[in-house]
Enquirer: 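One structure, as structure tokens, below. Some questions next.
Residue numbering restarts at 1 for every chain, and letters A, B, ... go by the order of the sequence lines.
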Amino acid sequence: MAKAPALVGGFELPAGPRLPRVGSIDAVALEERAATLAKRSIKRESKVQALELAVRMMDLTTLEGQDTPGKVAALCAKAMRPDPVDLNVPPVAAVCVYPNLVATAKERLAGSGVKVASVATAFPSGQSPTELKVAEARAVVELGADEVDMVIDRGAFLSGRYAKVYDEIVRVKEACGDAHLKVILETGELGTYDNVRRASLLAIAAGADFVKTSTGKISPAATLPVTLCMMEAVRDVYAETGRVVGIKPAGGIRASKQAVQYLVVLHETLGPEWLTPDLFRFGASSLLNDVLMQLRKEKTGRYQSQDYFTID
Amino acid sequence: MAHLEKRSAPPPATLEWDYAPAPEARDIVHLEERYGLFIGGELVDPLSGRWLATESPATEEPLAEVAVAGAEDVDLAVATAREAFENGWSELAPSERAKYLFRIARILQERSRELAVLESLDSGKPIRESRDVDLPLAAAHFFYYAGWADKLEYAFPNRRPRPVGVAGQIIPWNFPILMLAWKVAPALACGNTVVLKPAETTPLSALFFCDVLRQAEVPAGVVNIVTGDGGTGATLVRHEGVDKIAFTGSTEVGKDIQRAIAGTGKRLTLELGGKAANIVFDDAALDQAVEGIINGIYFNQGEVCCAGSRLLVQESICEQLIAKLKHRMGTLRVGDPLDKNTDVGAINSREQLEKITELVESGKEEGAEIFQPPCRLPERGYWFPPTVFTSVAQSYRIAQEEIFGPVLSVLTFRTPEEAVEKANNTAYGLSAGVWTEKGSRILWMVQRLRAGVVWANTFNRFDPASPFGGYKESGFGREGGRHGLEPYLRFDDEH
């Protein structure tokens, strides 16, 4: 069957395996679908499974101007052993920090299996010369980052210079070498779901290992519908090319209930194959303690006060 | 562009995640062993002396016995309704009628959890739907028509609208409480009294509604409810004391009714079957169109008169769309209607299940390709898996006859003209759906589709302010909106 090639203004896709058509998104129906899935009732053992998975998928994040080696060290301790009382709670997936703190995180997490992720490319705005962004990405990898969270140039995207956005991602990907590349779309600045889909496909075409919703510096950050929209793009890419891409909603996910809703949407959109930290992450800081509280409640039948969970 | 190379397979699943059962508490509903007929504000034993059992289609477990109204019982109900009409209700200040309707609407909201559980128990529909669709819409209908009750002069200026008299109303089993609301709310708002006959297999929510009427202190005899079988309905239709018949159900019975009342001067509205076309153009938002297709045909197990049972897909995207559709069908959760995560519940009755099975067999024999996602169906009860037929020709029975089950027939088209031609090429004309991102094409299609309702980029969406009804064998008359008042009113300029 003939399929229209995805031709986004400004750049051409290769012949050979094709990306899905860019197509369009119906906002009303997309939000309705997300709302329906959010109503799934996840109880008992399926809830515990989801919560433990959410811990394993977490990119525990601190991205503040006031971050210090001390703060990051504390966060790393939490990442490796989230609940000192319950050692069955698994470590998180990664700790996500600014470039200057990569070395500290790397040292603290050595041998634990917890990855170090660093933001790069003039985070959060991306409004810097391409050479600087590429150099920054290269630098964080040299400092020991296993994963690089780059931002796209929204200014270029919104002015229709898709080729610039694309080329930058390609070059950052090259600079990353073996490090995993997550591409932050900053969906809160893109304005429409059509743009979110277009940006997702563009980032994937340029080599993203993950597409990520937000920097956490802009409201709205991650929402269920926007994440669903990105999952559908990832699903189409898989159907068309067989290529497997991950998704990371970040920002605004603070409650366990929200995390479970994201997992339901993931489960029913991309299937059980995507229920792994290799292909799905939560970018969050305060979510972890709420998940720990809920896990303790599921296991003991009682809610503990916040004083029983460490603030890091 | 090495990264676009096809990788072999996704990494192995690390987690088999199945949702634990999440049943809605059933004990919120108290069921009597037996329910009489609701006549003159009381539940009374039937003069016929006959009873029938109603069961849960999900478990075949008997739920209660309900009376079968015979000729004498219908006589009594109609006489009671007539008396209530003449001695008070029709003369009541319209704002007073509105007051009762507002009360009913609020009580329906307050007791919606009980009613939703009861509805799912008796009809087999998933609790998610009865909770989120049937009950909110039923209450919305009463609110809406309560607002019209004292504004009829403004709805029909200079025509002096007056009530018709006693309305005989017969409702189907697919949306029992919602269809009750569609019928009762406009009738009462216009000052009529009612004798309502619920469907044989789903009488319980209507009997629960008797309690709502009592709670709202609606005067005795204004609404009377006679349960029973087809014979009860036939008696009500033929009764001389009834001024207006409103029927929702099969085309076959609708034709019988029309024959039976010919020449009697009774007013009639019929809301009958359908074989709606859901038309997807190549520029549609595909993932959302798939949701619309799913909602169009698997909502309420496809037991919906306006179900989008014929999918017309533009040929250039057919393969891709069907692949998406099949994937999505695999995520439908079929099972216990009372489980909050169930998407598709039980078929309403053994009889209906047999009809669906027979038509699906005919589809296979005629040469269509069948697809059903793997799903474990409960052993007891009446179940049918979500089904899609591809390679369907317009001449196959599954493309022509109403199946009234979770069965979709897929046909293709090449141009908008062909889509319209195929969509209209049916004896029915209740609803249609159009999926395209192009606004001008929506308007072009809507002007040409011969269907009472055309949805654009959505499906099965209802609102009390929007009139609903059919073309051709789908019936006549409109329910909902200002149009829905008209069948329950007489005017000065009528003869």
Side-chain angles (χ1 to χ4, degrees), chain A residues 1-4 13-14 16-21 23-30 32-33 36 39-47 49-50 53 56 173 194 204-209 228-229 232 235-236 238-239 241-244 263-264 267-279, chain B residues 1-24 127-128 131-132 282-292 294-295 315-320 322-324 327-328 330-333 339-343 435-438 456-459 461:
Chain A
M1 186 198 65
K3 285 185 191 91
L13 285 164
R18 272 176 299 242
L19 281 172
R21 54 174 218 155
S24 51
I25 303 290
D26 186 275
V28 175
L30 179 79
E32 199 170 79
R33 172 71 178 148
T36 306
K39 283 188 187 171
R40 290 285 194 220
S41 178
I42 306 300
K43 302 279 186 209
R44 296 189 295 280
E45 61 272 29
S46 49
K47 186 175 176 185
Q49 267 184 309
L53 184 60
R56 291 199 288 120
K173 172 72 182 167
D194 286 330
I204 293 168
D209 297 304
L228 172 59
C229 176
E232 285 173 347
R235 182 171 66 187
D236 288 345
Y238 177 65
T241 68
R243 187 165 149 223
V244 178
L263 291 177
V264 167
H267 184 226
E268 299 203 23
T269 307
L270 282 159
E273 293 83 0
W274 259 261
L275 289 179
T276 155
D278 292 340
L279 292 172
Chain B
M1 282 296 176
H3 49 267
L4 268 180
E5 273 167 27
K6 198 146 182 145
R7 286 191 199 167
S8 50
T14 52
L15 184 74
E16 275 305 317
W17 190 35
D18 202 11
Y19 310 151
E24 182 70 51
I127 186 78
R128 182 165 73 78
R131 178 193 69 196
D132 295 348
D282 61 2
D283 67 336
L286 287 192
D287 284 303
Q288 287 77 51
V290 167
E291 288 308 313
I294 293 279
N295 178 41
E315 210 166 312
S316 55
I317 51 157
C318 187
E319 195 181 312
Q320 193 187 359
I322 298 306
K324 280 177 178 287
H327 178 269
R328 177 69 177 86
T331 67
L332 286 170
R333 305 174 66 85
D339 192 305
K340 285 178 258 187
N341 293 329
T342 293
D343 298 317
W435 298 82
T436 172
E437 285 289 281
K438 192 167 176 150
N457 293 329
T458 187
F459 210 90
R461 186 170 289 277

Enquirer: Hey, does B:Asp287 have a side-chain heavy atom less than 4.5 Å from the side chain of A:Arg33?
Expert: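 The answer is no, as the side chains (C-beta and beyond) never meet within the 4.5 Å cut-off.
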
Enquirer: Starting at CD of B:Glu24, measure out to OG of A:Ser41 and round the result to the nearest 0.5 Å.
Expert: 9.0 Å

Enquirer: Which bit of A:Leu228 comes within less than 4.5 Å of chain B, counting heavy atoms only: side chain, backbone, both or neither?
Expert: neither

Enquirer: Are any of the side-chain heavy atoms of B:Leu286 and A:Glu232 separated by less than 4.5 Å?
Expert: no

Enquirer: For B:Arg461, I'd like to know if atom CZ has over 12 heavy atoms of other residues, nucleotides or ligands within 6.0 Å.
Expert: no

Enquirer: Got a sec, which residues hit salt bridge (Lys or Arg N to Asp or Glu O under 4.0 Å) with A:Arg40, two or more places apart in sequence or on another chain?
Expert: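 Residues passing salt bridge (Lys or Arg N to Asp or Glu O under 4.0 Å) with A:Arg40: A:Glu268, B:Asp343.
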
Enquirer: Specify which of A:Ile42, A:Asp194, A:Thr36, A:Val28 makes the most heavy-atom pairs with chain B at under 4.5 Å.
Expert: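 Heavy-atom pair counts peak at A:Ile42.
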
Enquirer: Measure across A:Gln49 and B:Trp17 and return the closest heavy-atom pair with its distance rounded to 0.1 Å.
Expert: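 What the structure gives for the nearest pair is OE1-CD1, 3.3 Å.
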
Enquirer: Apply salt bridge (Lys or Arg N to Asp or Glu O under 4.0 Å) to A:Asp26 and list each qualifying residue two or more places apart in sequence or on a separate chain.
Expert: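 Listed in chain order: nothing, the list is empty.
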
Enquirer: Heavy-atom distance under 4.5 Å between the side chains of A:Ser24 and B:Gln288, does that happen here?
Expert: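 A side-chain contact is absent here, since even the closest heavy-atom pair is not under 4.5 Å.
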
Enquirer: Side chain from CB out, backbone as N, CA, C, O: work out which of these in B:Asp18 comes under 4.5 Å of a heavy atom of chain A, or both, or neither.
Expert: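 Interface part for B:Asp18: backbone (N, CA, C, O).
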
Enquirer: If I take atom CZ from residue A:Arg235 and atom NZ from residue B:Lys324, how far apart are they, to the nearest 0.5 angstrom?
Expert: 5.0 Å

Enquirer: Do you know which of B:Gly330, B:Ala284, B:Ala285 has the most heavy-atom pairs with chain A at a distance under 4.5 angstrom?
Expert: B:Ala285

Enquirer: Give, for atom OG of A:Ser46 and atom CG of B:Asn341, the distance between the pair rounded to the nearest 0.5 Å.
Expert: 8.0 Å

Enquirer: For B:Pro21 versus A:Arg44, what's the shortest heavy-atom pair and its separation?
Expert: O-NH2, 3.2 Å

Enquirer: With a 4.5 Å cut-off on heavy-atom pairs, point out which of A:Lys47, A:Lys39, A:Lys173 contacts chain B the most.
Expert: A:Lys39

Enquirer: What part of B:Asp282 is in contact with chain A, defined as an atom under 4.5 angstrom from a non-hydrogen atom: side chain, backbone, both or neither?
Expert: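 Contact with chain A: backbone only.
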
Enquirer: Heavy-atom cut-off 4.5 Å, strictly under: side chain, backbone, both or neither for A:Thr269 against chain B?
Expert: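 Only the backbone of A:Thr269 comes within 4.5 Å of chain B.
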
Enquirer: Between B:Asp132 and chain A, with a heavy-atom cut-off of 4.5 Å, which part of the residue counts as in contact: side chain, backbone, both or neither?
Expert: side chain

